[in-house]
Amino acid sequence: MAIKHYLQFKDLTRAETEHVFERAKIIKRKYKQFETYYPLADRTLVMIFEKASTRTRLSFEAGMHQLGGAAIYLNTRDSQLGRGEPVEDAAQVISRMCDLVMIRTYEQSIVERFAQCSRVPVINGLTNEFHPCQILADILTFVEHRGSIQGKTVAWIGDANNMCNTWLQAAEVLDFKVNVSTPPGYRVDASLAGVTDGKHFEVFADPADACCGADLVTTDVWTSMGWEAENEARMKAFADWQVNGKLMGVAHADALFMHCLPAHRGEEVTAEVIDGPQSVVWDEAENRLHAQKALMEYLLLGRID
């Protein structure tokens, strides 16, 4: 099988993504039933971190162990990557010593350059532009709670960041709609998001209009990693884009709430929402483990029926 990377959500087709969801359900069930499942025995995952992480490291490292393989943590501060070694050279060396690489870094170009020179699959664990593994887990969570996401409406409230960009890609791949509402000056850039048809998203000036009738309402912190210098300005600009009971009240009666975490209660979301009955953030967080296990299985072994 040719090397397949997962650098953006659209790197997998709809059929491939749905297969990963089905495998994730099976793998999750095995995990819950304490059933040993080691399809990646003797396989090694190298995890390269330039950005800090809790959920990404834990879910990939635990997931690889649970599939029978081994995971090695590399931080760019403690390796030659942090001392100016070209990304292309690092890719040549690292990919000769492992079976799979996950990278969490800043610019998307870094994972793209690494993948071009890698002899093994490369996974984007997060970049400034995209967060495909998180959206994979988010949609798996929606499917578990509400069935297929096709034809549904997702309301994205807040910053037009890597999460928002990835939601737009996912909408094209899986045929649903994203209503986007961001403050003035923080508008989504469809070309940066990598979407082409414009049929699967709509921009709203008023967050309440974006949430109206939505099946899922989701948000993220107002200041993402790397933008800390803008924090004070963002606190003012985003003040009216808080997901609260009023916004959830105009969404569909059984709408879900999601947040990729960590969350700042009282800023982008109120406690009544994130800790309320419509919130599925803990299922969402756990599903990073199961979705990524299915993804690693697919990238290394191909389709398993």
Side-chain angles (χ1 to χ4, degrees), residues 1-9 11-13 15-49 51 53-75 91 93-105 111 114-115 118-126 130-144 166 170 260-261 282-305:
M1 185 177 81
I3 296 174
K4 179 174 284 292
H5 304 295
Y6 193 61
L7 311 181
Q8 302 181 36
F9 194 95
D11 285 345
L12 297 187
T13 65
E16 289 175 315
T17 303
E18 290 177 344
H19 173 73
V20 169
F21 289 151
E22 290 306 309
R23 290 301 303 165
K25 293 176 188 177
I26 293 170
I27 290 170
K28 183 175 182 178
R29 186 168 61 248
K30 291 178 183 293
Y31 172 78
K32 296 291 186 179
Q33 295 174 349
F34 301 98
E35 181 180 338
T36 299
Y37 180 59
Y38 289 164
L40 302 186
D42 296 325
R43 303 294 185 101
T44 302
L45 164 71
V46 168
M47 307 179 299
I48 301 172
F49 287 89
K51 279 191 173 185
S53 167
T54 299
R55 280 153 291 275
T56 296
R57 178 177 178 180
L58 179 58
S59 55
F60 271 106
E61 190 164 346
M64 195 62 179
H65 285 303
Q66 290 166 17
L67 293 176
I72 298 173
Y73 172 83
L74 292 180
N75 190 297
V93 174
I94 292 170
S95 67
R96 286 171 180 255
M97 299 184 184
C98 67
D99 303 281
L100 187 62
V101 176
M102 185 282 297
I103 305 176
R104 182 179 174 96
T105 187
V111 296
F114 193 104
S118 176
R119 296 161 63 121
V120 300
V122 176
I123 297 172
N124 177 358
L126 174 143
F130 300 108
H131 199 356
C133 291
Q134 180 65 59
I135 303 305
L136 197 67
D138 291 2
I139 298 176
L140 172 63
T141 306
F142 185 91
V143 170
E144 286 182 336
T166 310
C260 62
L261 304 177
W282 312 123
D283 291 343
E284 176 190 4
E286 179 189 341
N287 276 337
R288 284 290 299 277
L289 173 68
H290 309 300
Q292 289 163 188
K293 286 164 73 173
L295 175 65
M296 292 189 290
E297 178 192 69
Y298 179 70
L299 294 178
L300 288 176
L301 303 181
R303 188 180 182 94
I304 296 176
D305 295 312

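Contact of the Y298 side chain with the I304 side chain is not registered, since no non-hydrogen atoms from C-beta on lie closer than 4.5 Å. Here the side chains of E22 and E18 are not in contact, with every heavy-atom distance at 4.5 Å or above. The closest side-chain heavy-atom distance from M296 to L40 is below 4.5 Å. In this structure the side chain of D11 never reaches within 4.5 angstrom of the side chain of K4, judged on heavy atoms. You'll find the side chain of F130 stays beyond 4.5 Å of the side chain of V111, heavy atoms only. A 4.5 Å side-chain heavy-atom check between I123 and C133 finds at least one atom pair inside the cut-off. In this structure the side chain of I3 never reaches within 4.5 angstrom of the side chain of V122, judged on heavy atoms. Side-chain contact between W282 and L261: present, with at least one pair of heavy atoms (C-beta onward) separated by less than 4.5 Å.
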Q.
As a quick check of understanding, evaluate side chain to side chain contact (heavy atoms under 4.5 Å, CB included) for V101 and L45, giving each step before the final call.
A. CA-CA 6 Å; V101 176; L45 164 71; 5.7 Å; no
Q: Please lay out, stage by stage, how Y31 and L289 fare under the test side chain to side chain contact (heavy atoms under 4.5 Å, CB included).
A: CA-CA 10 Å; Y31 172 78; L289 173 68; 4.2 Å; yes
Q.
Could you walk me through whether V120 and L299 satisfy the side chain to side chain contact (heavy atoms under 4.5 Å, CB included) test, starting with their C-alpha distance in whole Å, then the side-chain angles of each, then the deciding distance to 0.1 Å, before giving a yes or no?
A. CA-CA 9 Å; V120 300; L299 294 178; over 6 Å; no
Q: I would like to know whether Y6 and N124 meet side chain to side chain contact (heavy atoms under 4.5 Å, CB included); could you show each step before the answer?
A: CA-CA 6 Å; Y6 193 61; N124 177 358; over 6 Å; no
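In terms of modelled atom types and a separation under 3.5 Å, the side chain of T56 and the main chain of S53 share no donor-acceptor contact. Side chain of Q33 to main chain of K30: no donor-acceptor pair is present (N/O by atom type, distance under 3.5 Å, no hydrogens or angles). Within the 3.5 Å criterion, the main-chain N or O of A91 finds a donor-acceptor partner in the side chain of S95. Put simply, the side chain of H290 never gets that close to the backbone of A24: no donor and acceptor are under 3.5 Å apart. Of the possible donor and acceptor atoms, none in the side chain of T44 sits under 3.5 Å from a partner among the backbone N and O of C98.
The salt bridge (charged side-chain N to carboxylate O under 4.0 Å, His left out) test with E144 is passed by exactly one of K28, R29, K25: K28. Each of L140, D138, I139 was checked for a side-chain contact (heavy atoms from CB on, under 4.5 Å) with E284, and the lone residue meeting it is D138.
Considering every non-hydrogen atom in both A170 and I135, the closest pair reads CB-CG2, 3.9 Å. The shortest non-hydrogen separation linking H5 to A115 is NE2-O, 3.4 Å.
Rounded to the nearest 0.5 Å, atoms CZ (F9) and OG1 (T17) are 4.5 Å apart. Between the CD atom of Q292 and the CD1 atom of I27 there is a distance of 11.5 Å, given to the nearest 0.5 Å. Going from atom CZ of R55 over to atom CZ of R288 covers 8.0 Å, rounded to the nearest 0.5 Å. A distance of 10.0 Å separates CZ of R303 from CZ of R23, quoted to the nearest 0.5 Å. Summarising the geometry, atom CD1 belonging to I103 is positioned 10.5 Å from atom CZ belonging to F49; distances are rounded to the nearest 0.5 Å. How far CG of D99 is from CG of D42: 9.0 Å, rounded to the nearest 0.5 Å.
The number of heavy-atom neighbours closer than 6.0 Å to OH of Y37, taken from other residues, nucleotides and ligands shown, is above 12.
Side-chain contact of N287 with T141: a donor-acceptor pair under 3.5 Å is present, judged by distance alone.
Using a cutoff of 4.0 Å between basic side-chain nitrogens and carboxylate oxygens, E297 and R43 are not scored as salt-bridged.
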Output a table of donor-acceptor pairs, distance under 3.5 Å, between side-chain atoms of residues 65-74 and any protein atom two or more places apart or on a different chain; print 'none' if there are none.
residue	atom	partner	partner atom	Å
H65	ND1	G69	O	3.4
Q66	OE1	K293	NZ	2.8
Y73	OH	N75	ND2	2.9

